Number of protein chains: 2
Amino acid sequence: MSSDGARRRDVTVADVAKAAQVSKAQAARALGNYGAVSEDVRERVLAAAEELDYRPNELARSMNTGKSHTIGVVVGDIENPHFGLATRGITDTAKKSGFNVILVNTDENTAAEVDAVRVLLDKRVDGLIVAPASSVETQHLRRVHDSGRPLVLLDRSAEGLEVETVAVDMAAISYESTRYLLQTGHRRIAFISTLRTDAAYTAGMRLDSSQISDRLDGMRRAFADMGCAFPEDLVRLNAGGADSIRNLTRDVLQGNDAATAVVASDGLIALSVVEAIQELGLAIPADVSFLMYDDFAWTRLTTPPLTVIAQPVYDMGVAAASALIRQIEGRPPAAAAPEFSATLVRRGSVGVVPASSGESVEVPAL
Amino acid sequence: MSSDGARRRDVTVADVAKAAQVSKAQAARALGNYGAVSEDVRERVLAAAEELDYRPNELARSMNTGKSHTIGVVVGDIENPHFGLATRGITDTAKKSGFNVILVNTDENTAAEVDAVRVLLDKRVDGLIVAPASSVETQHLRRVHDSGRPLVLLDRSAEGLEVETVAVDMAAISYESTRYLLQTGHRRIAFISTLRTDAAYTAGMRLDSSQISDRLDGMRRAFADMGCAFPEDLVRLNAGGADSIRNLTRDVLQGNDAATAVVASDGLIALSVVEAIQELGLAIPADVSFLMYDDFAWTRLTTPPLTVIAQPVYDMGVAAASALIRQIEGRPPAAAAPEFSATLVRRGSVGVVPASSGESVEVPAL
DNA sequence: GTGAAAGCGCTAACAT
DNA sequence: ATGTTAGCGCTTTCAC
């Protein structure tokens with residue numbers, strides 16, 4: 001057991017130096033592993049450090065070197081498995097290069113994001129990975145970039161900001177999957193997202209999220225290619241909590257011209273949407289077809305298993321961290337920036353349009 | 001737009017002081033909001049700071065004050081929604097009190113945990129929340145505690161370490177739910193966990209995880225109370241990846257004296273177990289009953305919905321962070337430490353034992 | 001190879 | 001209320 005139990009003051013290089021009978025500078029060099037140190041001195045210093053249980057003060061070290069070996073990660077919601085997985089990719093990669101991660105949750109709130117970025121900058125992180133809540137309000141990100149601190153965007157891009165962005169081609173996969181729904185006969189396709197907007201949704205409105213507008217663009221293009229009009233009336237944004245999502249789902253699924261297929265914008269929404277469908281007593285895919293973004297393991301367990309759009313989330317986290325660390329270390333960009341693409345995984349939740357719905361609405365027998 | 005674009009050196013108090021025509025000390029006081037400063041000086045300093053776009057260097061600040069306003073969080077797997085939720089509770093609470101969170105993932109590996117703790121200490125975090133990978137190998141945690149740095153344990157306790165621990169009473173809920181299974185007629189109950197052990201599982205062996213041994217203890221007690229022998233032969237540890245879990249599941253479900261009920265130790269395992277059961281062509285709960293730890297939203301979506309053991313994970317995260325921050329700020333413990341308990345949520349995955357199985361094994365007609 | 005001394009940006013005594 | 005002077009623990013000239 002060590003002699004003196006709980007000591008107050010930490011032991012410093014000065015202490016080690018004294019114990020090893022060398023100058024503070026030499027001790028620091030030996031401990032910090034830089035400069036020129038004779039084998040003899042190094043051994044004595046290391047022994048003394050061991051003996052005293054010396055631990056470097058990384059704060060002091062960071063102050064001199066200007067590098068904190070820490071990166072800031074700002075996400076909308078760590079509770080969402082999507083970000084959980086991405087974060088895992090980031091932390092795994094960071095650790096491999098000796099970086100730590102400070103994680104901040106913004107709740108998809110831009111004000112919180114602005115604050116988070118400021119705080120992380122004040123803490124002198126070496127770089128930042130941000131999944132921006134808004135693709136439009138991006139002055140704070142621009143300032144990061146202008147200040148010369150490396151920045152990598154995840155999932156969503158920021159308008160007019162030329163920074164490395166790791167994201168999948170949403171318009172493409174949205175086009176592909178919508179086309180699939182169209183070919184299966186669907187024309188009344190609803191889209192439900194949590195994206196918060198100031199005004200109510202209208203056809204051409206400019207959206208805060210590149211991700212969502214790309215998806216809508218993809219859908220519109222698919223409809224246009226089929227010579228059909230995109231059902232703007234079935235787009236539902238501002239899906240808040242579970243109750244709100246359930247209401248919106250009921251909303252698009254009822255009435256004369258109800259949706260025959262529903263697309264859920266992420267895994268969290270999907271849960272409530274499917275629940276609402278079940279509560280309505282509708283069967284998937286017999287009565288209504290269902291498609292969702294993100295391929296979580298549980299989507300294989302439902303009856304029927306769910307058709308999903310799979311994104312390489314973990315790999316994207318890895319890529320974001322790699323790119324950031326590369327920038328931090330001043331290395332040149334890789335020859336080709338890796339392109340990420342989502343894939344449509346057809347399982348069992350998309351079926352043909354039920355006879356009673358569709359183009360022609362028949363008046364009930366009654 | 002600001003005048004000089006990307007500057008090299010950061011602006012410091014000295015710069016602000018000069019601009020505001022006051023001493024460095026006065027500027028620092030005004031900026032740091034401490035000491036006595038006249039209204040006049042304060043205004044000039046703040047104006048100058050604004051003008052120069054001054055940002056405090058939190059590293060320097062931390063070095064003097066000794067407080068970094070940062071807490072370290074060490075978990076086994078952030079990808080597991082269980083920890084995702086807990087982390088959310090922690091970060092939400094931390095932010096409210098002005099603390100940041102450095103997150104480290106250990107992959108349930110003790111060596112990584114030891115390292116993580118050391119690094120965080122070196123970074124001078126104000127306190128630590130750890131979900132220990134092992135309840136036995138805890139010297140590194142003891143050293144944290146001895147060094148006087150606040151420490152709170154999450155989910156699992158550490159042998160002989162008297163630190164605040166936020167966890168549910170696992171033995172109790174395990175007893176309760178096992179009793180439920182027994183009353184439903186089950187005697188062959190399998191338990192599957194990812195817990196890694198050095199040696200193969202044997203009846204009385206000492207387990208590394210307080211969580212798992214508590215669960216097994218609860219099960220044994222429930223069996224004893226019913227006057228039955230606990231089927232030690234159906235305990236499966238070291239369930240690694242999805243394939244491994246599937247194999248173990250098949251294993252306990254086949255043969256003469258197969259399990260009639262399976263308990264999955266966490267949400268991640270549960271996914272693979274259910275998949276394996278489905279692949280085996282067995283129906284839940286007609287052929288085999290199923291019970292799992294953690295109440296994730298998706299467990300309501302399967303057919304049938306799954307019977308689960310719900311833990312107040314978010315609240316536990318909140319409690320852990322609150323307790324830690326209280327310790328950091330030197331406030332006394334709350335009158336009564338909050339007790340957390342899990343609850344058995346009976347949905348549809350537990351049913352009566354199928355006629356062909358159970359106590360007496362009948363020789364097939366053949 | 002080694003040591004003395006000067007910072008890093010800030011807070012904290014200590015005077016005035 | 002204000003300014004001067006020391007540090008915090010480390011890295012980094014710059015001499016020797």
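Not measured: the values here are computed from a predicted model. Side chains included, hydrogens not; waters and symmetry mates left out as well; all remaining heavy atoms used. Below, chains carry the letters A, B, ... as their sequence lines are ordered, and counting in each starts from 1.
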Q: Find the distance between CD1 (A:I328) and CZ (A:R326) and round it off to the nearest 0.5 Å.
A: 10.5 Å
Q. If you measure from CG on A:N105 to CD on A:E79, what distance do you get to the nearest 0.5 Å?
A. 8.5 Å
Q | Flag, side chain of B:T93 to backbone of B:A321, donor-acceptor distance under 3.5 Å | A | no
Q: Quick one: list whatever passes side chain to side chain contact (heavy atoms under 4.5 Å, CB included) with A:N64, sequence neighbours left out.
A: none
Q: Quantify the bending of the helix from C:dG1-D:dC16 to C:dT16-D:dA1 as the angle between its end axes, each fitted on five pairs, to 10°.
A: 40°
(Q) Please list, in numerical order, the residues of residues 37-49 of chain A that have a heavy atom closer than 4.0 Å to any atom of DNA chain D. (A) none
Q) CZ/A:R331 to OG/A:S322 distance, rounded to the nearest 0.5 angstrom? A) 8.5 Å
(Q) Quick check on A:E51: does its CD atom have over 12 non-hydrogen neighbours (other residues, nucleotides or ligands) under 6.0 Å away? (A) no
Write down the protein N/O and nucleotide N/O pairs, taken from nucleotides 6-9 of chain C, whose separation is under 3.5 Å; answer none if there are no such pairs.
{"from": "C:dG7", "atom 1": "N2", "to": "A:N64", "atom 2": "OD1", "distance (Å)": "2.4"}
{"from": "C:dC8", "atom 1": "O2", "to": "A:N64", "atom 2": "OD1", "distance (Å)": "3.4"}
{"from": "C:dC8", "atom 1": "O2", "to": "A:N64", "atom 2": "ND2", "distance (Å)": "3.3"}
{"from": "C:dG9", "atom 1": "N2", "to": "B:N64", "atom 2": "ND2", "distance (Å)": "3.0"}

Q) Are there more than 12 heavy atoms of other residues, nucleotides or ligands under 6.0 Å from atom CZ of A:R42? A) yes
Q. Does CZ belonging to A:R143 count more than 12 external heavy atoms closer than 6.0 Å?
A. no
Q. Do any of residues 27-36 of chain B sit with a heavy atom less than 4.0 Å from DNA chain D, and if so which?
A. B:R29, B:A36
Q) So which heavy atom on A:L103 is nearest to which on B:T87, and how close? A) CD2-CG2, 4.4 Å
Q. Where does the chain B footprint on DNA chain D start and end, counting 5' to 3' with a 4.0 Å heavy-atom cut-off?
A. D:dA1 to D:dG9
(Q) For B:D115, is there an ion pair with B:R118 - N to carboxylate O distance below 4.0 angstrom? (A) yes
Q | Carboxylate-amine/guanidinium proximity below 4.0 Å for A:D208 and A:R196 | A | no
**Q.** Residues A:D92, A:K96: salt bridge by 4.0 Å N-O rule
**A.** no
Q) Is the number of heavy atoms from other residues, nucleotides or ligands under 6.0 Å of B:E50 CD greater than 12? A) no
Q | A:E108/A:R156 ion pair, N-O < 4.0 Å | A | yes
**Q.** CD/A:E162: more than 12 non-hydrogen atoms of other groups inside 6.0 Å
**A.** no
